[in-house]
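Worksheet: one structure, shown below.
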Amino acid sequence: MKKNNIIIGLTLLSMATLFVGGSYFYKYKKAEKQKQTLEQYRKDLVKNYSPVYGDPNAPVEIVEFLDPECETCATFFPFVKEVMNQFPGKVKLVIRYAPFHQNSVFAVKILEATRHQNKYWETLSKLFEMQPVWGDHHNPKPMLIWTYLSELEIDTEQIKRDMESPEIMVRIQTDLEDVKTFNVKKTPTFFVNGKPLESFGYRQLFDAVKKEVENTK
């Protein structure tokens, strides 16, 4: 009887060992697969034409899908800069477009054209600042954008030519395809080092960035 108990005990111990080992191996393989998927996900999130704000070599990358005519994007943009200022040299911002509103494509084409005059970020900030006027959803006045460009000492005639470049439309179409790929339903939508925020909010963005910064130490 005692011998049988020993055999049963050894058998159960072996089964437990195999179970634990199998569980560990499964979790390891799952983690590796998730890591590989995340790396591929991260590569696909950023295009070589995407505007980058901050140190291009920063270890933490915020990808923002935005719409220049989106009220929440305009409201949230200063918070994004604030998050970056909390970690000097550690964070960069990459812009992707999700032009969901009526005049968004028009505004994006202008934005992209200003890059030839090194005025992209000034223009984006100005568009967000004046958005309640030009982007009023009840009475939009997109032609006012030309006035804002003049205030920024931008050659508007050159912009009108550059914004019709087929390359710009290709960029917009590519971003729209990735809007579907990454299931972007609203703007702004953020990814931090390839990972989507679990929920939207300033604190959620800050915490995600802080975690990734700490992981780089």
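Residues: numbered from 1 along the sequence shown.
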Lys119 and Glu153 ion-paired at < 4.0 Å: no
Would you say the side-chain atoms of Glu69 pair up with the backbone N or O of Ala107, donor to acceptor, closer than 3.5 Å? no
Would Lys126 count as a cation-pi partner of Trp134, with NZ or CZ less than 6.0 Å from the six-membered ring centre and within 45° of the ring normal? no
Donor-acceptor contact below 3.5 Å, side chain Asn103 vs main chain Pro142: no
What I want to find out is whether Asp178 reaches Arg96 closely enough, with some N-O distance under 4.0 Å, to be called a salt bridge. yes
Mind running side-chain contact (heavy atoms from CB on, under 4.5 Å) on Ile62 and Val94 for me, showing each step along the way? CA-CA 6 Å; Ile62 301 173; Val94 180; over 6 Å; no
Met169 side, atom CE; Thr174 side, atom OG1 - distance, nearest 0.5 Å: 10.0 Å
Tell me, yes or no, whether the heavy-atom count around Lys186 atom NZ, taken from other residues, nucleotides or ligands under 6.0 Å, exceeds 12. no
What residue pairs, at least two apart or across chains, pass side-chain hydrogen bond (donor to acceptor under 3.5 Å, both in side chains) with a residue in residues 108-117? Tyr97-Glu112, Lys109-Glu164, Glu112-Arg115, Glu112-Arg171
Locate the shortest heavy-atom distance separating Pro188 from Glu64; write the atom from each residue and the value. CB-OE2, 3.3 Å
Plane angle bin for Phe76 and Phe200 - parallel if under 30°, tilted between 30 and 60°, otherwise perpendicular: tilted
Under a 3.5 Å distance rule, please check whether His101 uses its side chain to pair with a backbone N or O of Pro99 as donor and acceptor. no
Kindly give the heavy-atom pair with the smallest separation between Leu152 and Thr123, and that separation in Å. CD1-CA, 3.8 Å
Please tell me if the side chains of Pro78 and Phe128 come closer than 4.5 Å, counting only heavy atoms from C-beta onward. no
Going hydrophobic residue to hydrophobic residue with side-chain gaps under 4.5 angstrom, can you get from Phe182 over to Tyr49? no
Could you check whether Glu214 pairs with Lys211 (Lys NZ or Arg NE/NH1/NH2 to Asp/Glu carboxylate O, under 4.0 Å)? no
Under a 4.5 Å cut-off applied to non-hydrogen side-chain atoms, are Glu212 and Val209 in contact? no
At what distance, to the nearest 0.5 angstrom, does CD1 of Ile110 lie from CG of Leu124? 12.5 Å
Is there a path of hydrophobic side-chain contacts, each under 4.5 Å between heavy atoms, that joins Val170 and Ile172? no
Go through the steps for Trp146 and Ile159 under the test side-chain contact (heavy atoms from CB on, under 4.5 Å), then give the verdict. CA-CA 9 Å; Trp146 299 117; Ile159 294 296; 3.7 Å; yes
Heavy-atom donor-acceptor pair, Ser50 side chain to Lys47 backbone, under 3.5 Å: yes
Closest heavy-atom pair and its distance - Met84, Lys92: CE-CA, 3.8 Å
Rounded to the nearest 0.5 Å, what separates atom CG in Leu66 from atom OG1 in Thr72? 11.5 Å
Taking it one step at a time, do Thr181 and Asp44 satisfy side-chain contact (heavy atoms from CB on, under 4.5 Å)? CA-CA 10 Å; Thr181 299; Asp44 292 342; over 6 Å; no
Within a radius of less than 6.0 Å around CD of Glu151, do more than 12 heavy atoms belonging to other residues, nucleotides or ligands occur? yes
To the nearest 0.5 Å, how far apart are CG in Leu111 and CG in Leu149? 9.0 Å
Evaluate side-chain contact (heavy atoms from CB on, under 4.5 Å) for Met130 paired with Val133, printing each intermediate quantity in order. CA-CA 6 Å; Met130 302 305 297; Val133 182; 4.3 Å; yes
Taking atom NZ of Lys141 as the centre, does the number of heavy atoms from other residues, nucleotides or ligands within less than 6.0 Å exceed 12? yes
Check the hydrophobic clustering (I, L, V, M, F, W, Y; side-chain heavy atoms under 4.5 Å; chains of links allowed) and say if Leu197 and Val60 are grouped together. yes
Spacing of OG belonging to Ser104 relative to CG belonging to Asp67, to within rounding of 0.5 Å: 3.0 Å
Measure across Gly89 and Asp55 and return the closest heavy-atom pair with its distance rounded to 0.1 Å. O-OD2, 4.2 Å
Between Tyr53 and Lys81, is there a cation-pi geometry (under 6.0 Å to ring centre, at most 45° from the normal)? yes
Phe191 versus Lys195: any side-chain heavy-atom pair under 4.5 Å? no
Glu61 versus Asn193, side-chain donor and acceptor atoms under 3.5 Å: no
Minimum heavy-atom distance Gln204-Ser199, with the two atoms named: NE2-OG, 3.1 Å
For the residue pair Tyr202 / Asp207, report whether a side-chain donor-acceptor contact shorter than 3.5 Å exists. no
Approximate separation, where rounding is to 0.5 Å, of Leu93 CG and Ile95 CD1: 4.0 Å
Tell me whether Phe100 at atom CZ has more than 12 heavy atoms from other residues, nucleotides or ligands lying less than 6.0 Å away. yes
How close do Phe65 and Ala98 get, counting heavy atoms only, and between which atoms? CB-CB, 4.4 Å
